[in-house]
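For clarity, every value in this text was computed on a predicted model and none was experimentally measured.
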Amino acid sequence: VFGKDINLVLVLNNLSSDRKSIRVDMSASTILYTRRAVAEILKAATAVELGPKQGKHIRIKIPYTYYGKYLTTDKRIQVTALCEVMRSHGLKLLVEKTIILEDTNIIIKVPRRIVVNRAVSLEISYANPLPEPVSRCVLLVTLMNQQVKINLARLAPRERSKIYFEFTPRRAGPLQLQVDFSCDKFSHVKGFVTIAVAPA
């Protein structure tokens, strides 16, 4: 989840009956959706000894403080581990994983029944998932082809807050409400809901 430390486990198994010495070079980078690297955020190397038919786990931790300021709006991190078996004429194995961090920031609560030409109030809650305060918070609400910009108070670390948004639907049928939350530390955290409007 965006704003939290990332914990991964690399599992190495020796399927042979010989002892193996393995060098593992690990790296992690923030990337765009096109897989183009933006910034390297982690580089580490370790050596592992595996006995016959033995397996070992290597734990990899990427703290938020490593990736936070380098993350793009795609919220993607690519982790690679190059495993080289020593004294084996250059036998190598490359393991790659792309992590897409989830947003759990926007929650929209809609009343059970919404009717044409009757005012309705929605609850929109938003959160700061980071271990540091955020300011210049803005909520952009898009509904019925109109955008409303709402300036919000700063949020303390891990704080959740909410506002009530009132509108009056003018026609029956489905309406899509979209919410876009931005602040000084991250931008364009989105949430949306389809609202069913009943005839009067």
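- The structure places NZ of Lys75 at 15.0 Å from CD1 of Ile99, a figure rounded to the nearest 0.5 Å.
- Within 6.0 Å of NZ in Lys56 there are more than 12 heavy atoms belonging to other residues, nucleotides or ligands.
- Proximity of Leu12 to Cys83: side-chain heavy atoms (C-beta onward) are separated by under 4.5 Å at one or more points.
- With contacts defined as side-chain heavy-atom distances shorter than 4.5 Å, the pair Phe186/Val134 qualifies.
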I would like to know whether Val120 and Ile195 meet side chain to side chain contact (heavy atoms under 4.5 Å, CB included); could you show each step before the answer?
CA-CA 11 Å; Val120 60; Ile195 300 165; over 6 Å; no

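- Residues Ile150 and Val141 form a side-chain contact, since some pair of their non-hydrogen atoms from C-beta on lies under 4.5 Å apart.
- Of the possible donor and acceptor atoms, one in the side chain of Asn128 sits under 3.5 Å from a partner among the backbone N and O of Ala156.
- The structure places SG of Cys137 at 8.5 Å from CZ of Arg154, a figure rounded to the nearest 0.5 Å.
- In terms of modelled atom types and a separation under 3.5 Å, the side chain of Asn151 and the main chain of Val138 share no donor-acceptor contact.
- More than 12 heavy atoms of other shown residues, nucleotides or ligands fall within 6.0 angstrom of atom CZ in Arg158.
- Using a 4.5 Å cut-off between side-chain heavy atoms of Ile, Leu, Val, Met, Phe, Trp and Tyr, with links allowed through other members, Leu143 and Val116 fall into the same hydrophobic cluster.
- By the 4.5 Å heavy-atom criterion applied to side chains, Tyr126 and Ile163 are counted as neighbours.
- If you run side-chain contact (heavy atoms from CB on, under 4.5 Å) between Thr46 and each of Ile22, Asp25, Val24, only Val24 comes through.
- Using modelled atom types, one side-chain atom of Thr30 and one backbone atom of Tyr70 make a donor-acceptor pair closer than 3.5 Å.
- Under the 4.5 Å side-chain criterion, counting only non-hydrogen atoms from C-beta, Val148 is not in contact with Gln146.
- No side-chain heavy atom of Leu10 sits less than 4.5 Å from a side-chain heavy atom of Leu8.
- The 12-atom threshold is exceeded at CZ of Phe167, counting heavy atoms of other residues, nucleotides or ligands nearer than 6.0 Å.
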Going through the distances and angles, do Leu140 and Gln147 end up as a side chain to side chain contact (heavy atoms under 4.5 Å, CB included)?
CA-CA 7 Å; Leu140 198 62; Gln147 281 192 336; 3.7 Å; yes

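- The backbone N or O of Lys43 lies less than 3.5 Å from no partner atom in the side chain of Ser27, so there is not a single donor-acceptor pair.
- The number of heavy-atom neighbours closer than 6.0 Å to CD of Glu96, taken from other residues, nucleotides and ligands shown, is above 12.
- Connection of Met144 to Leu177 is established within a shared hydrophobic cluster, with ILVMFWY side chains joined at heavy-atom distances below 4.5 Å, either directly or through further cluster members.
- Tested against Glu49 for a side-chain contact (heavy atoms from CB on, under 4.5 Å), the candidates Arg19, Lys20, Gln54, Met86 yield a single pass: Arg19.
- The shortest side-chain heavy-atom distance between Lys162 and Ile107 does not fall under the 4.5 Å cut-off.
- Cys183 has its side chain out of reach of Leu155: every pair of non-hydrogen atoms, C-beta onward, lies at least 4.5 Å apart.
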